[in-house]
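One-based numbering, in listed order, for ligands and for the atoms of each. Worth saying up front: this structure is predicted, and the values here are computed from it rather than measured. Index from 1, following the sequence.
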Amino acid sequence: MGAVVRVRHTSFVDVAARVTRPDHMIEWRGDEIVGVGPDDGGALIDGDIEGAGLYALPGLIDCHVHVTSISADEWADSGHPASYVAAHATRTLAATLRRGFTTVRDAGGADPGLARALGEGVITGPRLFTCGKALSQTGGHGDLRPRGRELWDPHPDVPGIGRITDGPDAIVRAVREQVRRGATFVKLMLSGGVTSPADRMDGVQFSDDEVRAAVSEAARLGVYCAGHAYTPEAVHRAIELGVRTIEHGNLITAASAALLAARGVFLVPTMATYEVLGTRGPELGLSPQSVQKLTAVGGHAVEALRLAQEAGVRIAFGTDLLGDMSTAQNLEFALRAQVQPSWDVLASATLVGADLLGETGRLGVLAPGAAADLLLCRADPGQDVRVLADPQKALATVVSRGLVHRV
Ligand code: ZN
Ligand code: ZN
């Protein structure tokens with residue numbers, strides 16, 4: 001079973017109760033929390049971690065990352081050998097953990113082999129939930145071919161965020177293939193996007209029958225569908241057809257927010273990516289037409305978050321950063337804090353993320369029976385969540401799967 005490890009005299013950031021409790025003790029054995037409560041006042045024993053002056057909170061959850069992206073030029077990325085991409089992903093995953101994220105959901109591109117290597121301790125990084133390749137129609141957001149190219153290599157081990165599939169029958173088969181390879185959810189490209197060369201931002205992608213086929217097949221297999229969507233048309237239709245999470249949602253209206261809330265659909269805003277692409281896009285490989293598309297959605301990110309917050313939508317934490325942009329992952333905390341109170345931002349990155357992943361009570365919470373993922377922070381993020389925007393300054397220790405990492 002292994003020894004019990006304890007953090008002593010720490011302040012426990014209780015996200016569910018929205019309060020920070022002083023002089024607490026958190027105990028875990030292996031990868032499981034076994035105790036959270038007031039410190040027993042006993043002497044420090046061997047193996048105890050002195051937590052005085054530090055704030056203990058659950059490890060963070062980012063529900064929209066792309067750990068296999070190397071740059072913002074996804075077509076160029078797909079030309080690299082898979083081994084090279086895996087080596088980059090290994091570095092990205094280790095850095096992600098140092099930023100305090102102990103769980104991430106990859107929204108397209110990550111092979112379940114990475115999740116296995118992480119779980120076995122072959123490489124260091126967060127828990128990884130994968131969808132394999134995102135499903136896209138021909139000419140949709142996952143079709144990265146330059147307009148003058150016809151060839152597309154459909155081999156599943158070719159790096160890339162998406163795969164092309166058209167027609168309900170083909171989509172059912174694609175869902176089955178992703179799940180066979182280890183996907184824990186299905187990602188659907190349901191509207192135009194910034195990085196795709198051939199689609200319009202206001203276009204709605206896949207027919208209703210295609211979306212219905214994917215949603216019902218996913219449900220039969222015990223997984224859910226996530227939908228990339230920006231416009232009210234794309235978002236409303238996705239909700240009506242049974243998609244469980246809306247990714248981005250920048251152009252939503254008050255009516256969209258009300259519908260999201262009424263149906264209990266999760267919204268995963270990804271504000272950091274617009275911020276970073278807006279300032280560094282071209283240097284990172286973003287094409288001129290993508291820069292144009294970016295300006296159509298980037299400016300609406302704050303307003304969309306405000307509408308969702310006011311409507312009581314279940315808002316998860318996402319970033320959608322590609323390649324080196326992921327160094328800006330924690331900027332999302334500062335961007336969310338423009339609209340949401342600190343406790344709500346914290347809940348997004350812990351409790352809500354766990355609910356979205358179907359891991360309520362196991363992830364995103366410090367309580368007996370939960371996974372041993374926690375952070376020791378030098379300031380109270382419940383008071384001001386923006387401290388997490390600078391992880392090197394804020395984080396003293398990251399505990400992941402029960403293992404202690406000094407930042
Ligand atoms: Zn997307
Ligand atoms: Zn994405």
Side-chain angles (χ1 to χ4, degrees), residues 61-75 77-78 89 92 96 101 104-110 128-137 139-144 159-164 178 183 185-206 211 214 225-231 234-235 237-238 243-252 265-278 281 284-286 290 293-294 296-298 300-301 304 316-326 328-329 332 353 356:
I61 302 173
D62 188 331
C63 282
H64 194 124
V65 299
H66 295 282
V67 301
T68 56
S69 284
I70 291 175
S71 74
D73 184 344
E74 293 169 357
W75 176 250
D77 277 8
S78 71
T92 299
T96 300
F101 292 91
V104 295
R105 182 180 69 143
D106 188 277
L128 175 64
F129 290 79
T130 60
C131 64
K133 295 284 173 63
L135 309 188
S136 168
Q137 68 174 47
H141 180 51
D143 184 346
L144 302 170
I161 277 179
R163 60 174 281 177
I164 301 168
Q178 299 310 308
F185 68 104
V186 172
K187 170 84 179 291
L188 303 173
M189 300 303 201
L190 299 177
S191 82
V194 171
T195 50
S196 33
D199 60 10
R200 293 170 53 101
M201 294 302 287
D202 57 1
V204 175
Q205 299 181 2
F206 282 133
V211 179
C225 287
H228 159 108
Y230 282 105
T231 59
V235 169
R237 190 183 69 129
V243 169
R244 182 153 172 272
T245 76
I246 298 296
E247 312 296 313
H248 319 300
N250 293 41
L251 302 176
I252 58 168
V265 172
F266 293 90
L267 178 67
V268 189
T270 58
M271 300 169 81
T273 198
Y274 310 106
E275 192 73 15
V276 177
L277 284 174
L284 292 161
L286 206 64
S290 289
K293 288 162 129 187
L294 180 70
V297 293
H300 294 277
F317 186 98
T319 52
D320 198 21
L321 297 161
L322 306 170
D324 289 347
M325 292 163 60
S326 61
Q329 191 171 21
E332 188 79 23
L356 185 157

Problem set entry | Any residue meeting ring pair (Phe, Tyr, Trp, His ring centres under 6.0 Å) with Phe185, in chain and number order, not counting sequence neighbours | Tyr224

Problem set entry | Qualifying residue, where the test is side chain to side chain contact (heavy atoms under 4.5 Å, CB included) with Met189 and the options are Asp199, Ile161, Asp143 | Ile161

Seminar exercise, completed: Sorted by chain and number, sequence neighbours left out, ring pair (Phe, Tyr, Trp, His ring centres under 6.0 Å) with Phe129 holds for none

Problem set entry | For His66, all residues meeting ring pair (Phe, Tyr, Trp, His ring centres under 6.0 Å), sequence neighbours excluded | His64

Exercise. What protein N, O or S atoms come within a distance below 2.8 Å of the Zn ion (ligand 2), ordered by chain and number?
Worked result: His64 NE2, His66 NE2, Asp320 OD1

Problem set entry | Note, Thr270 side chain near His248 side chain (heavy atom, < 4.5 Å) | yes

For this session: Check whether any side-chain heavy atom of His141 lies under 4.5 Å from a side-chain heavy atom of Val194, and answer yes or no.
Result: no

